[in-house]
Amino acid sequence: MNALPRPEGTALGSSSMITLTLNGRPVSAQAEARTNLADLVRDTLNLTGTHLGCEHGVCGACTILVDGEPARACLSYAAACQGADVVTIEGLDDDAVTTELRAAFNREHALQCGFCTPGMLVSARDLVLRLPEPDETRIRLGLAGNLCRCTGYAGIVKAVASVIAARRAQGIGPITAERRLGPVGARAGGATATAGPLANVAPLAAPVAAPSILADTFTPAHSFEQGFEVPFPPADVFAFFGKIEEVAACLPGAIIDAMPAADLVEGGMRVKLGPIGTTFRGTARVSRDEATSSGIIHGAGADGRSRTEGEIRYRVLPGPTPGSARVALTVGYTLKGPLAQFGRPGLVREVAGRLIADFAANLAARLSGAPTPAAAGPGLNPLKLLAALISQRLGALWRRIRPAS
């Protein structure tokens, strides 16, 4: 999904006449250089089927077609679309693929409030025209930039898959013909691009290993602090952190494939945010400082399209009671790709908090000699996590509104 850059040489306060083809007919409108395409089609040209949600290019509600390519209308400058062929949801009324998708959305209960549906249909239409078969993983990845607060995505995925399956059964294959890229692509000097046969492309879900050599310095895009307490001496807790395989056994979703060196780990982490569940595989370097009872875990991984790099700095301190320990954590991370659409800092902090709480419980079980609870094996349980987060937030809300006794 793309956004159009502001044309060079235009000042944000200036205005100009924008001429483009909109839903098959030429239109002209006066617009300031800062006007985005969504505001132009909605407020100036009165085509309100294109919805505005986040206005930061995240939710996908404003997705339209620019020269045949899905684009974020809220991030696309209208002036950058001079001469372009723009199609909104209204322009797809008679489109065969969109008609089939509308029927499938109704059949599979893929819409409720309908606010995300225009952008979702535009993105889904692009998938029907591109994917060779109804692969659920690729459909979910393709719709990762379109958020829905109502449906849970299952019906949407089924609807898109059913249309792809029906068309392929009728002998209608994906579009692979050469086509000219519009402003949303990388047009330079009349360049063209070929959409090659997708059958020759490795599945998007195939894990891609991260580089085995990690940079010596890492500057995270986001960071936060967490901590937990366990009823065991600090020395015992710090010693346990030196046993990497046992630590991984306590961390839900963690996978160790190999340890080529004492301070180097190759493995992965199963995660789930929003509608996307995936496994990041890569490399982590572990360092420890006995003098300060502290350590650093620095890792990087990828799953095929999304990529992450992160660093956990920990220090084991005396706890509030004799014989107990407090582990102070500083977590920094950078997340790129489809999963970043759902990886809001607040959500990541809450997921991390629940993950760390589970890790602390498993750690306490190991140190006491009891077996680690089975929950550490299969990774994050999204339903259990969601229920816990809702309960936590409702409890906080009740404490705020409860009258003082």
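- Here the straight-line distance linking atom CD1 of Ile156 with atom OG1 of Thr151 works out to 3.5 Å at 0.5 Å rounding.
- Nearest heavy atoms, Glu266 versus Thr283: CG-OG1, 4.3 Å.
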| task | Begin with the C-alpha distance, continue with both residues' side-chain angles, and end with the deciding distance and a verdict on side chain to side chain donor-acceptor pair (under 3.5 Å) for Thr330 and Arg315. | result | CA-CA 9 Å; Thr330 300; Arg315 187 172 183 182; over 6 Å; no
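- The two atoms that bring Val163 and Ala104 nearest to each other are CG2-CB, 3.7 Å, heavy atoms only.
- Annotation: the span from Tyr77 atom OH to Thr35 atom OG1 amounts to 10.0 Å, rounded to 0.5 Å.
- For Leu52 against Ala38, the heavy-atom pair with the smallest separation is CD2-CB, 3.6 Å.
- In this structure Asp236 satisfies the salt bridge (charged side-chain N to carboxylate O under 4.0 Å, His left out) test with no other residue, sequence neighbours excluded.
- When the salt bridge (charged side-chain N to carboxylate O under 4.0 Å, His left out) test is applied to Glu136, the partners found at least two apart in sequence or on another chain are Arg140.
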List the atom pairs, with distances to 0.1 Å, where a side-chain N or O of residues 110-117 and a protein N or O form a donor-acceptor pair under 3.5 Å, not counting sequence neighbours.
from   : atom 1 : to     : atom 2 : distance (Å)
Gln112 : NE2    : Cys150 : O      : 3.2
Thr117 : OG1    : Gly114 : O      : 3.4

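- Here the side chains of Arg285 and Ile297 are not in contact, with every heavy-atom distance at 4.5 Å or above.
- In this view, Ile296 and Ser287, Glu311, Arg313 satisfy the side-chain contact (heavy atoms from CB on, under 4.5 Å) rule, not counting sequence neighbours.
- For the pair Arg138 (side chain) and Gly142 (backbone), a donor-acceptor distance under 3.5 Å is absent.
- We find the CG-CG distance between Leu129 and Asp95 to be 7.5 Å, quoted to the nearest 0.5 Å.
- A distance-only check finds a donor-acceptor pair linking the side chain of Arg42 to the backbone of Thr48 [under 3.5 Å].
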Just list the side-chain donor-acceptor pairs under 3.5 Å for residues 243-265, sequence neighbours left out, or say none.
from   : atom 1 : to     : atom 2 : distance (Å)
Asp257 : OD1    : Arg281 : NH1    : 3.3
Asp257 : OD2    : Arg281 : NH1    : 2.5

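- Smallest separation of non-hydrogen atoms from Cys74 and Cys62: N-SG, 3.2 Å.
- Using a 4.5 Å cut-off on side-chain heavy atoms (C-beta onward), Asp85 and Leu20 make no contact.
- Using a distance-only test at 3.5 Å, with no hydrogens or angles considered, no donor-acceptor pair links the side chain of Glu229 to the main chain of Val327.
- In this structure, Val128 and Leu101 have side chains that are in contact, with non-hydrogen atoms separated by less than 4.5 Å.
- For Arg149, the CZ atom sits in a loose shell: 12 or fewer heavy atoms of surrounding residues, nucleotides or ligands are nearer than 6.0 Å.
- Counting heavy atoms from C-beta on, the side chains of Val286 and Phe241 never come closer than 4.5 Å.
- Residues forming a salt bridge (charged side-chain N to carboxylate O under 4.0 Å, His left out) with Arg102 (at least two apart in sequence, or on another chain): Asp93.
- Listed by chain and number, the residues in a side chain to side chain donor-acceptor pair (under 3.5 Å) with Arg288 are Tyr314 (sequence neighbours excluded).
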Show, in sequence, the C-alpha distance, side-chain angles and deciding distance for Ser76 and Asn36, and conclude whether the side chain to side chain donor-acceptor pair (under 3.5 Å) test is met.
CA-CA 5 Å; Ser76 303; Asn36 63 44; over 6 Å; no
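- Between Tyr333 and Phe224, the two ring planes are perpendicular [angle over 60°; tilted spans 30° to 60°].
- Applying the ring-ring contact (aromatic ring centres under 6.0 Å, His included) test to pairs two or more places apart or on separate chains, none has a residue in residues 78-107.
- Heavy-atom minimum distance, Thr63 versus Arg72: OG1-NH1, 3.9 Å.
- Under the side-chain contact (heavy atoms from CB on, under 4.5 Å) criterion, Thr19 pairs with Met17, Ser28, Gln82, sequence neighbours left out.
- Remark: the backbone N or O of Cys148 is paired with a side-chain donor or acceptor of Tyr153 at under 3.5 angstrom.
- For residues 78-104, there are no ring-ring contact (aromatic ring centres under 6.0 Å, His included) pairs, not counting sequence neighbours.
- Shown here for Ile18 and Ala31, the closest heavy-atom pair between the two residues is CG1-CB, 4.0 Å.
- Here the side chains of Glu100 and Thr98 are not in contact, with every heavy-atom distance at 4.5 Å or above.
- Annotation: the span from Phe228 atom CZ to Phe359 atom CZ amounts to 5.0 Å, rounded to 0.5 Å.
- In this structure, OG1 in Thr50 is found 11.0 Å from CG in Asp39, a value given to the nearest 0.5 Å.
- Annotation: side-chain contact (heavy atoms from CB on, under 4.5 Å) contacts of Thr44 (sequence neighbours excluded): Ala29, Leu40.
- Of the N and O atoms on the side chains of Ser123 and Asn146, at least one donor lies less than 3.5 Å from an acceptor on the other residue.
- Arg130 contributes atom CZ, which lies 12.0 Å from atom CZ of Arg125 (distance to the nearest 0.5 angstrom).
- Pro134 pairs by the side-chain contact (heavy atoms from CB on, under 4.5 Å) definition with Ala161, Ile164, Ala165, not counting sequence neighbours.
- Within the 3.5 Å criterion, the main-chain N or O of Asp358 finds a donor-acceptor partner in the side chain of Asn362.
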